[in-house]
There are 2 protein chains.
Amino acid sequence: MLFLGTIENKIDAKGRVSVPSDFRMATKNDDFQGVILYHSFTHKCIEGCTMERMEKLSDATDNLDLFSEENENLNSLIFSDARQLSFDVTGRIVIPADLLEFAGINGNALFVGRGKTFQIWNKDEFEKYQKETREKAFKNRPSLSFKKD
Amino acid sequence: MLFLGTIENKIDAKGRVSVPSDFRMATKNDDFQGVILYHSFTHKCIEGCTMERMEKLSDATDNLDLFSEENENLNSLIFSDARQLSFDVTGRIVIPADLLEFAGINGNALFVGRGKTFQIWNKDEFEKYQKETREKAFKNRPSLSFKKD
DNA sequence: CATCATAGTATGGTATTTTATGGTTGTCAA
DNA sequence: TTGACAACCATAAAATACCATACTATGATG
């Protein structure tokens with residue numbers, strides 16, 4: 001199953017936030033009932049995925065030379081930064097404060113589905129980003145706009 | 001299985017609408033008993049497909065590369081905008097209000113088959129669109145008829 | 001041929017469950 | 001002892017399951 005859609009949920013005083021029901025469903029066949037969160041490397045947001053995917057990623061890095069620069073980067077940047085957060089009985093997680101700060105999130109968290117992964121944004125930041133992306137997508141794909149001739 | 005034909009069904013006060021029986025049959029071999037809806041990027045209508053197709057799309061664009069900007073494209077826009085809606089026992093779905101508004105749909109929904117995907121239109125909008133398309137096709141007719149193969 | 005029976009479909013209304021959210025208590029460790 | 005954190009309890013609103021009815025097409029039967 002995939003992470004689809006965009007849902008905004010409140011973060012309470014203790015940092016608790018409900019993971020959207022559909023997102024939880026996307027992990028229901030996994031061993032680990034929770035999600036993995038880490039800094040995005042390309043945007044001002046938090047990225048997330050399933051434990052299953054993390055394991056796949058780990059398998060992929062196994063193929064690299066142990067001392068290669070790439071492996072060093074992956075290990076230090078991804079695995080050391082990733083946190084596993086399990087759902088409580090009502091489906092909530094507590095997002096670590098440094099991640100919230102990095103993404104500029106305070107009261108509300110915007111969960112954005114991206115298929116195999118998802119992101120958590122400050123709403124204003126996301127809308128800014130999305131606007132840019134839309135423009136880029138249309139520029140790069142003129143074939144989508146009206147095909148005359 | 002393909003989405004074929006054009007069927008008009010009523011939307012009730014809660015946004016519920018019967019997905020045409022033939023369309024439901026087109027998903028009967030899938031794991032997920034429902035459809036994925038998202039707003040069209042080219043027309044004033046809702047677009048839909050199966051979860052299976054979404055997963056294929058996800059597999060095609062998923063390269064496990066966390067540093068790539070390449071995923072900032074139309075596909076990611078689709079994933080963040082897509083809603084998974086499962087059929088109830090009588091074969092209905094609830095179309096989210098914002099999608100209905102985007103497509104200008106109020107009381108009735110026109111399901112239009114497009115093979116691997118389908119669209120949901122306001123009937124008037126669709127007829128307008130269809131008229132324009134016919135005129136365009138007629139204008140371009142000479143170039144069409146000279147194209148061999 | 002007219003009528004009846006049947007099965008699948010569309011549609012409307014109500015009841016139940018799930019979800020998101022807030023608060024309280026208990027526990028362990030610094 | 002205090003502060004962090006997990007487990008537990010509560011509730012309103014939203015989503016969904018459930019039930020009932022009407023309609024359609026089709027086929028069987030007298």
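Every chain is numbered from 1, with letters handed out A, B, ... down the list of sequences.
For the pair Arg83(B) and Asp98(B), the salt-bridge criterion is met [side-chain N within less than 4.0 Å of a carboxylate O]. Taking the charged nitrogens against the carboxylate oxygens, Lys116(A) and Asp59(B) do have a contact shorter than 4.0 Å, which makes a salt bridge. Under the 4.0 Å criterion applied to side-chain N and carboxylate O atoms, Glu127(B) and Lys131(B) are not assigned as salt-bridge partners.
Put simply, NZ on Lys28(A) is 11 Å from P on dT19(C), counting in whole angstrom units. In this structure, Asp12(A) atom CG and dA20(C) atom C1' are separated by 11 Å, rounded to whole Å. Between Ile93(A) atom CD1 and dT19(C) atom P there is a gap of 16 Å when expressed in whole angstrom units. Atom CD1 of Ile7(A) is separated from atom P of dA20(C) by 8 Å (rounded to the nearest Å).
Judged by distance alone, with hydrogens and angles left aside, the side-chain atoms of Gln33(A) form a donor-acceptor pair with the main-chain N or O of Thr27(A) at under 3.5 Å.
Across all their heavy atoms, Phe111(A) and Ser18(A) have their closest contact at CE1-O, 3.8 Å.
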Table of protein N/O atoms under 3.5 Å from nucleotides 10-17 of chain D N/O atoms:
none

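Listed by chain and residue number, nothing satisfies the ring pair (Phe, Tyr, Trp, His ring centres under 6.0 Å) test with Phe87(B) (two or more places apart in sequence, or in another chain).
For Lys10(B), the side-chain atoms get nearest to dG12(C) when compared with the rest of dT9(C), dG12(C), dA20(C).
Not one side-chain nitrogen or oxygen of Ser18(B) sits closer than 4.0 Å to the OP1 or OP2 atom of dT9(C).
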